[in-house]
Visitor: 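The structure follows.
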Amino acid sequence: MNYTSTINIPQFREDLITWFEKEQRSLPWRENRDPYRVWVSEIMLQQTKVDTVIPYFKNFIDHFPTLSALANANEQEVLKAWEGLGYYSRARNLQTAVKEVVEQYDAKVPDDPRQLGDLKGVGPYTKGAILSIAYGIPEPAVDGNVMRVLSRILRIEEDIAKPKTRKTFEAAVRDLISSENPSAFNQGLMELGALICTPKSPSCLLCPVQEHCTAFRDGVEQSLPIKKKKTKQSVHTYFALVVEDDTGKFILEQRPNQGLLAQLWQFPMVKPVEVGEHYIAAYVEEKFDVKVSDMQKLETVKHVFSHLTWFLEVRYIRVKGTLHAADKNMVLVTKEEMTPYPLPVSHQNIYKQLP
DNA sequence: AAAGCGGGGTT
DNA sequence: AACCCAGCTTT
């Protein structure tokens with residue numbers, strides 16, 4: 001006995017695929033089945049809405065139209081194309097993996113599940129998505145949408161926050177998937193989750209597979225999927241120092257190459273516990289060997305991440321003399337020269353306040 | 001198994 | 001304010 005033993009599998013496949021072929025949205029990564037384009041789109045779509053991804057995908061493909069173009073690009077340029085999209089390790093991992101494909105697999109995206117899954121940034125979902133969509137191979141591609149849709153259709157009440165639960169859904173997809181059209185089947189499940197079987201108030205009356213849905217039959221679709229709540233997030237306050245000298249140069253610093261916002265650039269940040277409000281000027285004078293001529297408050301920037309919140313108390317500081325890079329991760333640039341530097345959204349919001 | 005990792009939208 | 005999202009990597 002398993003979750004899929006109670007539904008009419010051939011009918012379910014047909015209903016889902018027929019609906020998908022008719023109702024699917026027209027999206028830039030659906031223009032063809034180029035494995036590279038499928039790959040880029042799937043990485044961008046991780047934890048990210050379709051509407052957000054569309055302009056980034058177009059711009060990215062314009063800049064890096066092929067595997068080789070991306071492999072040969074410099075990392076700064078790649079991060080700049082990812083600026084504002086979030087989860088920046090996706091971009092660095094993608095380029096790492098693309099270089100590997102060019103070198104090890106003669107610039108052809110592998111269709112072998114093990115080779116594909118070993119690439120940096122390609123996990124179980126992305127592997128299955130590329131195999132099924134680009135190569136027509138019947139592999140499961142289980143994401144949040146698929147877990148929501150199938151938890152309702154099959155009334156699976158396991159906690160989808162647990163890593164182990166994904167395997168339950170992969171087993172169900174292996175039972176259900178169409179070997180004739182695995183691409184439309186997998187995309188159909190996801191499209192259904194995006195358009196009909198939504199997290200809140202699903203449109204069950206419009207659902208093409210309503211007659212197969214156990215949760216709808218039992219009237220429990222609103223309480224699925226089961227997901228235990230996450231831990232609360234912490235709050236961090238910093239001073240963000242916008243330091244400008246007489247020649248119109250500002251200090252930017254690059255974040256470490258690991259951790260939050262790795263390798264992105266920012267206005268220097270210091271903890272208030274380390275540098276009290278009254279000591280900001282003295283700190284800047286000592287750190288950069290200059291004299292502060294003026295300091296004013298700009299608007300505090302609040303930025304909410306998935307797991308923590310920043311409050312950036314912004315100080316605009318004019319100094320006499322010429323700034324120099326106090327550390328080797330710092331650069332001196334004019335406002336115009338900041339353009340090539342990838343900034344996180346919080347610091348873009350500081351940039352917008354510059355005089 | 002749990003935690004870290006962005007940002008935007010919905011309710 | 002809480003919850004959601006076309007997840008993966010590191011610990």
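Letters A, B, ... are given to chains in the order of the sequence lines, protein chains preceding strands, and every chain is numbered from 1.
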Visitor: What residues, two or more places apart in sequence or in another chain, satisfy salt bridge (Lys or Arg N to Asp or Glu O under 4.0 Å) together with E244(A)?
Guide: none

Visitor: Which pairs count as salt bridge (Lys or Arg N to Asp or Glu O under 4.0 Å) when at least one residue sits in residues 181-201 of chain A, sequence neighbours excluded?
Guide: R25(A)-E191(A), R30(A)-E191(A)

Visitor: Under the salt bridge (Lys or Arg N to Asp or Glu O under 4.0 Å) definition, can you give me all pairs with a residue in residues 84-99 of chain A, not counting sequence neighbours?
Guide: none

Visitor: Under the salt bridge (Lys or Arg N to Asp or Glu O under 4.0 Å) definition, can you give me all pairs with a residue in residues 261-277 of chain A, not counting sequence neighbours?
Guide: E277(A)-R315(A)

Visitor: Return a table of donor-acceptor pairs under 3.5 angstrom between the side chains of residues 281-297 of chain A and protein atoms on other chains or two or more places apart.
Guide:
residue : atom : partner : partner atom : Å
E285(A) : OE2  : V292(A) : N            : 2.8
K287(A) : NZ   : D327(A) : OD2          : 3.0
S293(A) : OG   : R318(A) : O            : 3.2

Visitor: With a cut-off of 3.5 Å and sequence neighbours excluded, list every side-chain donor-acceptor pair involving residues 176-183 of chain A.
Guide:
residue : atom : partner : partner atom : Å
S178(A) : OG   : E180(A) : N            : 3.2
S178(A) : OG   : N181(A) : N            : 2.9
N181(A) : OD1  : A184(A) : N            : 3.0
N181(A) : ND2  : E21(A)  : OE2          : 3.2
S183(A) : OG   : Q187(A) : NE2          : 3.0

Visitor: Give the other cluster members for L224(A), using side-chain heavy-atom distances under 4.5 Å between Ile, Leu, Val, Met, Phe, Trp and Tyr residues; answer none if it is isolated.
Guide: V220(A), I226(A)

Visitor: Specify the closest pair of heavy atoms between N32(A) and D34(A), including all atoms of both residues, with the distance to one decimal.
Guide: OD1-N, 2.9 Å

Visitor: Taking all atoms of both residues into account, what is the closest heavy-atom pair of Q76(A) and P340(A), and its distance?
Guide: NE2-O, 3.8 Å

Visitor: Could you check which residues of residues 27-35 of chain A get a heavy atom under 4.0 Å from DNA chain C? Sort them by number, please.
Guide: L27(A), W29(A), R30(A)

Visitor: Assign R92(A) to base, sugar-phosphate, or nothing according to its heavy-atom contacts below 4.0 angstrom with the strands shown.
Guide: nothing

Visitor: Could you tell me whether R25(A) contacts a base, only the sugar-phosphate backbone, or nothing, with contacts defined as non-hydrogen atoms closer than 4.0 Å?
Guide: base

Visitor: Starting from the 5' end of DNA chain C, give me the residue, V146(A) or K120(A), whose nearest nucleotide shows up first.
Guide: V146(A)

Visitor: Spell out protein contact along nucleotides 6-11 of chain B as letters: B when the base is contacted, S when just the sugar-phosphate is, - when no protein heavy atom is under 4.0 Å; keep the 5' to 3' order.
Guide: BBS---

Visitor: Rounded to the nearest Å, what distance is computed from the CG atom of residue L195(A) to the P atom of nucleotide dC5(C)?
Guide: 15 Å

Visitor: What residues in residues 122-143 of chain A put a non-hydrogen atom under 4.0 Å from any atom of DNA chain C?
Guide: V122(A), G123(A), P124(A), Y125(A), T126(A), D143(A)

Visitor: Going by the salt bridge (Lys or Arg N to Asp or Glu O under 4.0 Å) test, which pairs reach into residues 72-86 of chain A, not counting sequence neighbours?
Guide: K80(A)-E83(A)

Visitor: I want to verify a distance call: between dA6(C), dA2(B), dT9(C), whose nearest atom is closest to the N93(A) side chain?
Guide: dT9(C)

Visitor: Show me, pair by pair, the donor-acceptor contacts under 3.5 angstrom made by side chains of residues 252-262 of chain A, not counting sequence neighbours?
Guide:
residue : atom : partner : partner atom : Å
E253(A) : OE2  : Q266(A) : NE2          : 2.8
E253(A) : OE2  : M269(A) : N            : 3.2
Q254(A) : NE2  : Q263(A) : O            : 3.0
R255(A) : NE   : L260(A) : O            : 3.0
R255(A) : NH1  : Q266(A) : OE1          : 2.9
R255(A) : NH2  : L260(A) : O            : 3.1

Visitor: Round to the nearest Å and state the distance from L119(A) atom CG to dC8(C) atom C1'.
Guide: 13 Å

